[in-house]
There are 2 protein chains.
Amino acid sequence: MNQWVYSFGNGQADGNASMRNLLGGKGANLAEMSSLGLPVPPGFTLTSDVCDYYTSNDNAYPNALKAQVAAALFKVEAVMGLRFGEAENTLLVSVRSGARVSMPGMMDTVLNLGLNDKTVRGLAKVSGDERFAYDSYRRFLQMYGDVVLGVEHHMFEDLLEDHKSQKGIQLDTDMESNDWRDLVDDYKKMVQKELGSPFPQDPHEQLWGAIDAVFGSWMNHRAKTYRMLYDIPEELGTAVNVQAMVFGNMGNDCATGVAFTRDPANGRNEYYGEYLVNAQGEDVVAGIRTPQPLNITSKHENLPDLLSMEERMPEIYTQLLDVRTCLEQHYKDMQDIEFTVQKNSLWMLQTRNGARTIKASLKIATDMVEEGLINKAEAILRIDPSQLDQILHPTLDSNKEREILGIGLPASPGAASGRVVFNSADAAIWAERGNNVILVRTETSPEDIGGMHVAKGIVTTRGGMTSHAAVIARGMGTPCVSGVGSLIIDYDKKNLTVLGQTIKEGEIITIDGTSGEVIKGEVPTIQPEFSDDLAKLMQWVDEIRTMDVRANVENAADARTAREFGAEGIGLCRTEHMFFDAERIIHVREMIVAKDENSRRIALDKLLPFHRQDFVDLFTIMDGLPVTIRLLDPPLHEFLPTSEVDIANLAKIAGIKVCDVKACAAQLYEFNPMLGHRGCRLGITHPEIYEMQARAIFEAASDVIADGIKVKPEVMISLVAIKSEFDIFKKLVENTAEMVKNERSQEIDFTIGAMIELPRAVLRAGEIAETAEFFSFGTNDLTQTALGLSRDDSSSFIQIYCEKSILETDPFVSIDIDGVGELVKIAVDSGRAVRENMMLGVCGEHGGDPASIEFFHKAGLDYVSCSPYRVPIARLAAAQAALGLRIRDST
Amino acid sequence: MNQWVYSFGNGQADGNASMRNLLGGKGANLAEMSSLGLPVPPGFTLTSDVCDYYTSNDNAYPNALKAQVAAALFKVEAVMGLRFGEAENTLLVSVRSGARVSMPGMMDTVLNLGLNDKTVRGLAKVSGDERFAYDSYRRFLQMYGDVVLGVEHHMFEDLLEDHKSQKGIQLDTDMESNDWRDLVDDYKKMVQKELGSPFPQDPHEQLWGAIDAVFGSWMNHRAKTYRMLYDIPEELGTAVNVQAMVFGNMGNDCATGVAFTRDPANGRNEYYGEYLVNAQGEDVVAGIRTPQPLNITSKHENLPDLLSMEERMPEIYTQLLDVRTCLEQHYKDMQDIEFTVQKNSLWMLQTRNGARTIKASLKIATDMVEEGLINKAEAILRIDPSQLDQILHPTLDSNKEREILGIGLPASPGAASGRVVFNSADAAIWAERGNNVILVRTETSPEDIGGMHVAKGIVTTRGGMTSHAAVIARGMGTPCVSGVGSLIIDYDKKNLTVLGQTIKEGEIITIDGTSGEVIKGEVPTIQPEFSDDLAKLMQWVDEIRTMDVRANVENAADARTAREFGAEGIGLCRTEHMFFDAERIIHVREMIVAKDENSRRIALDKLLPFHRQDFVDLFTIMDGLPVTIRLLDPPLHEFLPTSEVDIANLAKIAGIKVCDVKACAAQLYEFNPMLGHRGCRLGITHPEIYEMQARAIFEAASDVIADGIKVKPEVMISLVAIKSEFDIFKKLVENTAEMVKNERSQEIDFTIGAMIELPRAVLRAGEIAETAEFFSFGTNDLTQTALGLSRDDSSSFIQIYCEKSILETDPFVSIDIDGVGELVKIAVDSGRAVRENMMLGVCGEHGGDPASIEFFHKAGLDYVSCSPYRVPIARLAAAQAALGLRIRDST
């Protein structure tokens, strides 16, 4: 016969903590605590299989259920020495839902079930407190009436208010015994009137009504929507927990409290909690009375006089200390517990893994390794990589008032204050004067790189989490809020309008890239501290992970940051970023508007020394680590000036007419630049650009080798679709290397590879691997092309897609495993089939996303590359992936 | 022992016409003619295997070669009764290269080989014509000196000019015997001086020198480049033909001529040719003398007095008639022949399949079927589908002078004259006044559709063969020239500047969309005639092909054209094209700028009657044939006005502010509209648009069914990437169908399918096929996404890619089989694995391209859909594909 009901209590239990699917989280842990010998009020759990049966059989129960419930109830009665429904020594129970994951919209809790016009008198007698008994009864009527019988909550509240105003009572605490009794009568009459039948007096009828309500609520509209949104399988079902009531509000020898076995804020190995004497659990949370500290160490400096439980109820506290030890030894994690003291007896009502800050997370995990509670692998799996982001960036002081101007997307974490500027040139001017600046743009383009570099923060009014601004800002570690649609920028007047007020250039704003807030004026920021715990954890992480983590950087400062954060090389150096410096961009533009190859070469020659120095810097900082350099990628028009002043300036320097500059820009204009004349296509039509870049790389390599530095450039082109594109590029790079080698008499070790970012390249990956020595997956562009989705244009409908569950997450944030991931796998297999030990990496934004990193690990990549500030996150995620366990499943 | 040398002549031959690879085209046909008993001057062919040996063995020959050549030469001597190198009765030979395909850059021909200071005198004696002998000798010296010895051609020409000016001679024909003899001396001295050694007098040395030169030229730079460009395998090699010389210039009983066994211009079954008495073959071609007609029927009306060979040499002509019959019966195709008459003896020098116009092609093929020479399948394979295009469109009268203003890409075939206009509004105005107009734009966008519809021709200054203008123009059958970069448009002044002149609005130009020419003024056009031959061939084509051919149309006129051209339904009705009519676009715009769903629905309600009528028309015309309707595809911003007037107008009608219209446009702006908020994404965010469209379809279907017309709409959405996108769409369409069915009490049979045009959809095709009832491949967008290549931006570098052989053809013109084709195959397999008899078609531009059609046939598609004017081409190509033979290999 199926076991539909699992009992617990009295140091025993049918179930245990591993049976979360069957018993729900709450039921499983109650069983576990009971088995551990902790004082759990006895009870039983109707399994989620009952739910499944109920929903599949038109709300009918298995035949055996009634008998099993009766038997379980009998055990509870025996343990408690009370009888359910008996006038005296009456057993009251709570009925709670308990799915594997808690779910809004479901029936939650009914307390004090079993009270009726008879038993309430018994309760009054036993407790010696009539007011308590009738208060409990009216609470039950209200709760049961609302959630089980469907009488609207406000009907009860209205009657209470009526009563209070009739009697001139202000506070519930001023209600006396007879007030509650009168209200109980009013409630019952109202229910009778509303439902056409009386409030059920039979405790068994009450019990089954509550059980029906829990199971029924599993299939209600809100719960269904929630499951759809969060991808929770319907067949999971909910369990129902029926448990003997214990009361913390039966007098001054009663209490209720919550505690964490360690400090959830800083992780210190200190018992941390609060309690209230003569109170119910909900009172601690509700904030009507100020809770008292659990122990002397928990005392808040502002409230030194509140008596702690350690002082007030030392015996109980000693028991709680034992509970703490027991639970931590058993669960091997910090626990969040609830307890009630009824007449000097301790009852444990709940235990679960406690929520904690990332700082606490790190401390607890590393401490527990040292305490021998867990091993390093377990410690690593305890940390949510995406939470790490919080401690790698400055945060706003949460104690300060904020006047929020608008909220956008949290595009790049961290907080910053500064003076508003609206373009790159003004950003430079204000920054040179020593101001912090916040660059505010409708959207950014590569032309804004200069301004973005000097800005302390970036705001855009359009674009999503993966817009140009967001991607670049994350790469630079600069806070960014994108898509703040409520800000209206007037570039001509150099101001922005929002909420009816105007912010002019030079006024100070603060942005929080972690929350997406844009705030008026200055809010102090708190700098992150890099704890020893993090360092310790990262060391373990590095021992375990098999995938390397590199960084996407193109300047010395970022390269240094990357190394500090543990990057093992550069996975993507986007050379175009090196072209935007004021003293360089003009030569780039000269090159673009040049009439013929010869003039182009003259302009390129001016760029060569700058470019070479860039590589000297990177090679020197990365000493010995691999450096993957992607030659020029964006279409040339992205470098051309748009302002009249800049156009005139370019015409003057290039010695051509203004109209010719404009004609050149018009000729280069593209309807879809993403699919345009860029990447290796530039190398085919303008080989002299790539020649100059290759020369800069190899000359720089020669220079640093001469200084005793080890260097192994990995030269890469983007947007390969056809094998011969790559072959032409490879030949060009090899020829340039050969020339430099002959000029400098210096051997240089290098490899040449292809970015795989087009579906066609994936299909022909085997062919391309015949000559390409490595592949680096550009999963941004692969996502754009595989899904036909523009990163810069999709935020408007991607959000709707996620809301409608068409997409689980934004595919630019976390890799689309079924589509883009499939392409990655095809290319990995085809590439390695031709070139067995081919080096394979990923350099798209996904390289810093934990879920994507897990996928890349499984796909067999050698490394991921991400922005410097995400390197620690990627290292941790790579280690978790190597451990072969999904952190998402372990919570 | 290997046979390196193949003899022919005297009614015999070692080889035959099937040995083109070994003997080359010329050698194989000479052997074949010889075997047929035709009078071929005897000779022999050194096989292409010799070439292979020669190039792989450092220019050495197989050991056996010399002996085999000597033996073959002996046979030639025997047949001709002459001896090679003997002073009297000397045998002269020609040495010609002969690869499988003729190839520029290779050594072509050396004539009169065997002449030297002795044999020239023998030739003079035998011919009785000393001038002829020395003229032949000096021609040999010059030809051999140039192509074998490498003395530059002009050195010989200079000496000839010197001689003529010294002697006061104007024309070569005035040169007398001693003049040629003196020149021979000068030539020899010059060669001695240039080379440091005398001109070889030994005929055998001459022969091997010429053979070396032919084989050596196979590997010269130009030949290699050509092979690379045209993808001709190097290992193919060339053969060398050595053949006895016969002379058409030995007196008035000699002649030379060329003929076609049928008229190559119109295909009539009439012998057509030209000849010259006492002349060499090259004289017929050179145009120094006017050739005479072969026969009385070949006489040109302008030159009635030229005596035909039929009249002048009736016996020879009778022999030639027999040759004609023999060759046509044998080759079963129209032949292009060359012959020489030496002293009243006919010698056949060449036969090959003759080039012909498409008109002649059709007539010859159909005639030959009726004559029993070939069967229908062979006739079908004889026609080049892409040539058909020429007779489906008007052409320019080639006899009229043209002042060419510029040349662009031949984007849509046909010719037209009309008044220049520069925008849609002006196009409408001029057209309403009864003028033909030519719309000239920098590039077109969907907003120009109205103007494109009224224009007789379209010119753009940017964009390629697959730009918006080109695609739409081809769809409408309107001639279009795209990318005429030399035209500079001034929209404000309404004029264009080119070659220093200005053409104003209203001036007349002519365009030839087949050649790409833009011509000043009016050039008369010639309307195409639809011959009975074409009709006959198309009937056979339809019997053989297995793939259906549908048309891409969206209006009644095009639908009628499509049916006339044999379309078997509509494969793609792009509903957005129905929105651009002046009376509709305003409601479309109203809908777009609407503030909420309700206002959008009000605007959509106004569109519904128009839309319904469109479908009524299409269903009525297509009575019973399938009609595939694609719901709205382009991003909404493409419909918004850009001119201030139109913006103001829209603001007025929509009752909103001008700045709100502009704000809406700014909000909808996309960086990469191709990857933007379009296709099914619109249906997710604005379901009411698709609801209106579905309603229009089903209401129209109900209406026409009531009139006794059969209809089966195939409703389709574009840009599906994710199964649930399709499922949401399917549900919406089904719900709408259900509603209309209930309202009208009319059952409608319909299917719902997906356009497959994104790589992700290909990867998930199996899943999508679970609910999608058909797939239609949008290979345009699939090409754009698979290759990351914007159709509108790529023309600039695609051309360079083709020149550099990175691409064989523009992948938007002919499907990229290795990339996009691979994706099509994956989706076909996955789709059919789930839904066995799934209807699969293609509706991209490739549906009208013969090479692509062959691929689609192999991939197992049910139909292709193309623009109405390409339907006959597609039908023919589909039949050829069904015949399982590649027309490209049979020529």
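Chain letters run A, B, ... following the sequence lines, proteins first, then strands; residues in each count from 1. Bear in mind the structure is a predicted one, so any value in this text is a computation, not a measurement.
Proximity to chain B involves both the backbone and the side chain of A:L789, based on heavy atoms less than 4.5 angstrom apart. For chain A, the nearby part of B:R764 is the side chain; its heavy atoms alone come within less than 4.5 Å. Proximity to chain B (any heavy atom under 4.5 Å) is restricted, for A:L763, to the side chain, taken from C-beta onward. Heavy atoms of A:E757 lying under 4.5 Å from chain B are absent altogether. For chain B, no part of A:A663 is nearby; none of its heavy atoms comes within less than 4.5 Å. Only the side chain of B:L807 has a heavy atom closer than 4.5 Å to any heavy atom of chain A. In this structure, chain A has a heavy atom under 4.5 Å from the side chain of B:D816, while its backbone stays farther away.
Here the side chains of A:P673 and B:N672 are in contact, with some heavy-atom distance below 4.5 Å. The closest side-chain heavy-atom distance from A:K804 to B:I684 is below 4.5 Å. Between A:R760 and B:D818, the closest side-chain pair of non-hydrogen atoms falls below 4.5 Å.
The CD1 atom of A:I806 sits 13.0 Å away from the NZ atom of B:K723 when rounded to the nearest 0.5 Å. Going from atom CZ of A:F797 over to atom CZ of B:R681 covers 4.5 Å, rounded to the nearest 0.5 Å. Residue A:T783 holds its OG1 atom at 11.5 Å from CG of B:L675, rounded to the nearest 0.5 Å.
No donor-acceptor pair under 3.5 Å is formed between the side chain of B:D792 and the backbone N or O of A:F671. Distance alone, capped at 3.5 Å, places no donor-acceptor pair between the B:D793 side chain and the A:E670 backbone.
Considering only heavy-atom pairs separated by less than 4.5 Å from chain A, the leading option among B:S724, B:A721, B:G679 is B:S724. Counting heavy-atom pairs closer than 4.5 Å to chain A, the top-ranked of the candidates B:T685, B:L787, B:I800 is B:L787.
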